[in-house]
Amino acid sequence: MASLGQITLPRAPSLEMSLLRRRFNQPIKTRIGFNGRIVSKQAQVSVKASVSQKVIEEEARVLVGTYARAPVVLSSGKGCKLMDAEGKEYLDCASGIAVNALGHGDPVWLQAVTDQASLLAHVSNVYYTIPQIELAKRLVASSFADRVFFCNSGTEANEAAIKFSRKFQRFTHPQDKEVATRFIAFTNSFHGRTLGALALTSKEQYRTPFEPIMPGVTFLEYGNIQAATDLIRSGKIAAVFVEPIQGEGGVYSATKEFLQSLRSACDAAGSLLVFDEVQCGLGRTGNLWAYEAFGVTPDIMTLAKPLAGGLPIGAVLVTEKVAETIKYGDHGSTFAGNPLVCSAAIAVFDKVSKPSFLSSISSKGLYFKDLLVEKLGGNVHVKEVRGEGLIIGVELDVQAGPLVDACRDSGLLILTAGKGNVVRIVPPLIISEEEIERAVEIMSHNLNALD
Ligand SMILES: Cc1ncc(COP(=O)(O)O)c(C=O)c1O
């Protein structure tokens, strides 16, 4: 018998089993420590008894294999707790990758979704709908922006920002034969998987299988002011894309000086500055918008993940000078900003944007980081604990996968980031102090056990 995490697979040479073994390549019946030592035997669940196992087998048969999923089938959630199909409970410090800001099943969010679903879910952007305008009013009133474009995901938001930047340059320099069409992005950046956003994403292995992708992107070192300002001065740059805090890339914060220098260089050269706040925006850092901490505003900001509390949404916030260059037909989307997602987003926004809620994120984030330093900081593998608010990274001198797997088996969901050496903690913003203490306890226990 070979095992897939906690689940035991028979040796029968079925297609599903061989696919599963190939895709997950999990240790057999044992847990392996950082140094390759066997540290524990894993519990075995019989294939027949497990609903999860059946789902995992069926997934391997019918879905395109784009995801190396953890071997867990989640079936319900409440607050920061998730349940799998066998009733095992997990503490959620992943939030569906920084999405479930209000946790699972928030009553106000639920009411907004069910009320709107029973009234009107979708009509397309051929017509006006009230929730879309109400949400846009809130986003504009609370930010640097004058106008909003809605879409359905983070990558779509960046795709729209690419098009808007190119259109802005063409519109403002109609006579220019060599209009600025190039982009700057940074090391460790993640902007999405569609061909434009992918071209701005630093990991080469995500890009190369799909070449040729959008040309004209230069990657510079995140934080390197000289390199960025020199290139922006060349005058060929349509826009600079930057995450004020990088999530996927390993939880790295920009410095004030870096973002302020980008702002001044873009202003001088006529380039646009785009902040990707898909992961770090909407309260995650303790400010409503991450850029607030840097004293810099962008020309364009992209949002997505937490905005509708788990329903798919993206948004591009722009200044008037950008918006006035966009005309009917330049861009659009069938689903974008429909009444259902916008009603959900209004419920999320109205809760998260309250000053008392935002300050609770900052204080819980500090508490989380302090506890991590106290309980994990002494471990030889821990290099740094960093982050802002409730986006926290624990950098290790080894791969973080074994720790993330061990924590999951102990009932805690966390993520990896960076080159696989960073543990990323992005819990629902409603997490309690007791839940933070429990999460750190599970991490500390497993980190020491893996040593
Ligand atoms: C900063 C950032 N931008 C863009 C994206 C892409 O978002 P989506 O997966 O919704 O397309 C992500 C996703 O992780 C992200 O973290």
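Every number for a ligand or one of its atoms is a count from 1 in the order of the listing.
For ligand 1, the atoms closer than 4.0 angstrom to any heavy atom of E248 are 14 (O). Atoms of ligand 1 lying under 4.0 Å from any heavy atom of N158, numbered from 1 in the order shown and given with element: 3 (N), 4 (C).
The protein heavy-atom contact nearest to atom 2 (C) of ligand 1 is F190 O, 3.2 Å. Scanning the protein for heavy atoms near atom 11 (O) of ligand 1, the closest one is T155 N, 2.8 Å. Among protein heavy atoms, atom 7 (O) of ligand 1 sits closest to G154 CA, 3.3 Å. For atom 16 (O) of ligand 1, the closest heavy atom belonging to the protein is Q279 NE2, 2.8 Å. Among protein heavy atoms, atom 3 (N) of ligand 1 sits closest to D276 OD2, 2.7 Å.
Electrostatic pairing of D106 and K351 counts as a salt bridge here, judged by a charged N lying under 4.0 Å from a carboxylate O. Of the charged side-chain nitrogens involved, none lies within less than 4.0 Å of a carboxylate oxygen, so that K163 and D330 do not count as a salt-bridged pair.
For the pair R386 and Y252, the cation sits on the ring face: its NZ or CZ lies under 6.0 Å from the ring centre, inside 45° of the axis.
Shown here, atom 9 (O) of ligand 1 is out of close reach of the protein: none of its heavy atoms lies under 4.0 Å off.
Between the side chains of H104 and K78, not a single donor N or O lies within less than 3.5 Å of an accepting N or O. Side-chain polar atoms of S333 and N152 form a donor-acceptor pair below 3.5 angstrom. Residues Y367 and E437 bring a donor and an acceptor atom of their side chains to less than 3.5 Å of each other. For the residue pair D92 / N100, no side-chain donor-acceptor distance below 3.5 Å is found, with atom types taken as modelled.
Residue contacts with ligand 1 for E156 are absent, since no atom lies close enough (heavy atoms, distance under 4.0 Å). Looking at H191 against ligand 1, only its backbone comes within 4.0 Å, counting heavy atoms.
Inclusion of K305 in the set of residues having an N or O under 3.5 Å from an N or O of ligand 1 is warranted.
Under the 3.5 Å distance criterion, the side-chain polar atoms of K167 are matched with a main-chain donor or acceptor of T325.
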